[in-house]
Each structure stands twice: as structure tokens, then as C-alpha cells.
Amino acid sequence: MNAKQYNNVIDWTLKHDTAAQTEDSLATARAVFKNMGVALPNGSMQEVYDTIKTNQYMGWRACTMEEAQQAANNGTAAIGISKDRMVILSATDEEEPVTATASVMTLSENTSAYAVAGLEYYTNSCGSTTKVIVN
């Protein structure tokens, strides 16, 4: 998936899936990632956090904030997560940006410290593709 496709899935889900139209960041993430075919652990926010933090759940791996944003920019699922919230990182796309919500954002130099406080970052490698360049 490329950045535009990734953002399109996020945007479509936010606009059309009632499960994503909530202030519950985990419910929003579940709806978006379901539409992407990306697995999230079952359970409460605390249980999801504890499971993903093990680096042993269905391709979710810890990374830096910058690596997470780069993954999103490449069309790979990326999140910021804490014990009480999850934020889906959308790709940086000037032409078709995803409107930021409490559950979705794009990280940039303008992102407030408050918005990212306490988050740990993860990307999902399951189902990701690699580019093969043929000369």
C-alpha cells in the first residue's frame, strides 16, 4: 500500500464507519486497522498496550517517533500508544491530508508536545511490501 492508499483507508473509515466515529481511540483504531487488514490485540486499552509492547504480536514492533512517521509515509500501519490511548499516524500528504482528530494525526515539526506526550511508537510489518527496482 502506498501513502495515498493508506490515508484513503483512514479517511474513508473515519467518514463512513460508525465504529470509528467515537471518542474511543481504541475503537477508532480497530475500525481503521480492520479495513487495512492489520491485526490489533483483543481486550482493553491496557491489555492492547501490554500485548503490543512485547514486540511479539502479529508484526507490531517498537520504533522511534520518526521511524513511525516514515512508515506511515510509506503506507505501513503506524501508531503511538500509551496505557490509555492510541493514535494512528497518517501519512504526510500535502494534496490529500487526513484531518487530524484525537485518534489520528500526522507528526511534523508543528505537532505539539502535548499531543505526543507519553506515547510509544510502533509499526506493523505484517503484510507490508517492499519495492523492487529493476534497471
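All residue numbers refer to positions in the sequence shown, counting from 1. Computed from a predicted model, the values in this text were never measured in an experiment.
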Practice task
Could you tell me the separation between the CE atom of M45 and the CZ atom of R85, rounded to the nearest 0.5 Å?
Solution key: 10.0 Å
Fill in the blank from the handout: Here the pair of heavy atoms bringing Y6 nearest to L89 is OH-O, 2.7 Å
Practice task
For K4, look at atom NZ and say whether over 12 heavy atoms of other residues, nucleotides or ligands are found less than 6.0 Å away.
Solution key: yes
Exercise for the section: Using atom types as modelled and distance alone, determine if a side-chain donor or acceptor of Q70 lies under 3.5 Å from a backbone N or O of E67. Expected result: no
Handout entry: Partners passing side chain to side chain donor-acceptor pair (under 3.5 Å) against T99 (at least two apart in sequence or in another chain)
Key = none
Fill in the blank from the handout: side chain to side chain contact (heavy atoms under 4.5 Å, CB included) test vs I88 passes for just one of V32, V98, T106, T101, namely V32
Completion exercise
Residues passing the side chain to side chain donor-acceptor pair (under 3.5 Å) test with K53, sequence neighbours excluded, are Y49, E120
Problem - Residue pair Y121 / T64: nearest heavy atoms and the distance that separates them - result: CB-O, 3.8 Å
Problem - CG-CD distance between L14 and Q21, expressed to the nearest 0.5 angstrom - result: 8.0 Å
Handout entry: Stepwise side chain to side chain contact (heavy atoms under 4.5 Å, CB included) check, D17 with K34
Key = CA-CA 11 Å; D17 191 327; K34 178 182 177 191; 5.9 Å; no
Exercise for the section: Can you measure from OG1 (T28) to CE (M86) and round to the nearest 0.5 angstrom? Expected result: 10.5 Å
Handout entry: S82 versus G118, closest heavy-atom pair with distance
Key = CB-O, 3.4 Å
Handout entry: ring-ring contact (aromatic ring centres under 6.0 Å, His included) partners of residues 55-82, not counting sequence neighbours, each pair once
Key = F33-W60
Handout entry: Euclidean distance, T51 OG1 relative to N42 CG, rounded to 0.5 Å
Key = 9.0 Å
Completion exercise
From the list D93, N7, T92, side chain to side chain donor-acceptor pair (under 3.5 Å) with N73 holds only for T92
Handout entry: Taking every non-hydrogen atom, the tightest pair across A27 and T22
Key = CB-CG2, 3.7 Å
Completion exercise
Minimal heavy-atom distance between P41 and V48, with the atoms involved, is O-CG2, 3.4 Å
Problem - Q56 side, atom CD; R61 side, atom CZ - distance, nearest 0.5 Å - result: 7.5 Å
Problem - Test side chain to side chain contact (heavy atoms under 4.5 Å, CB included) applied to L119 and I79, I81, V87, the passing residue - result: V87
Handout entry: Flag, side chain of Q69 to backbone of S90, donor-acceptor distance under 3.5 Å
Key = yes
Handout entry: Which atom of S103 lies closest to which atom of S25, heavy atoms considered
Key = OG-CA, 3.3 Å
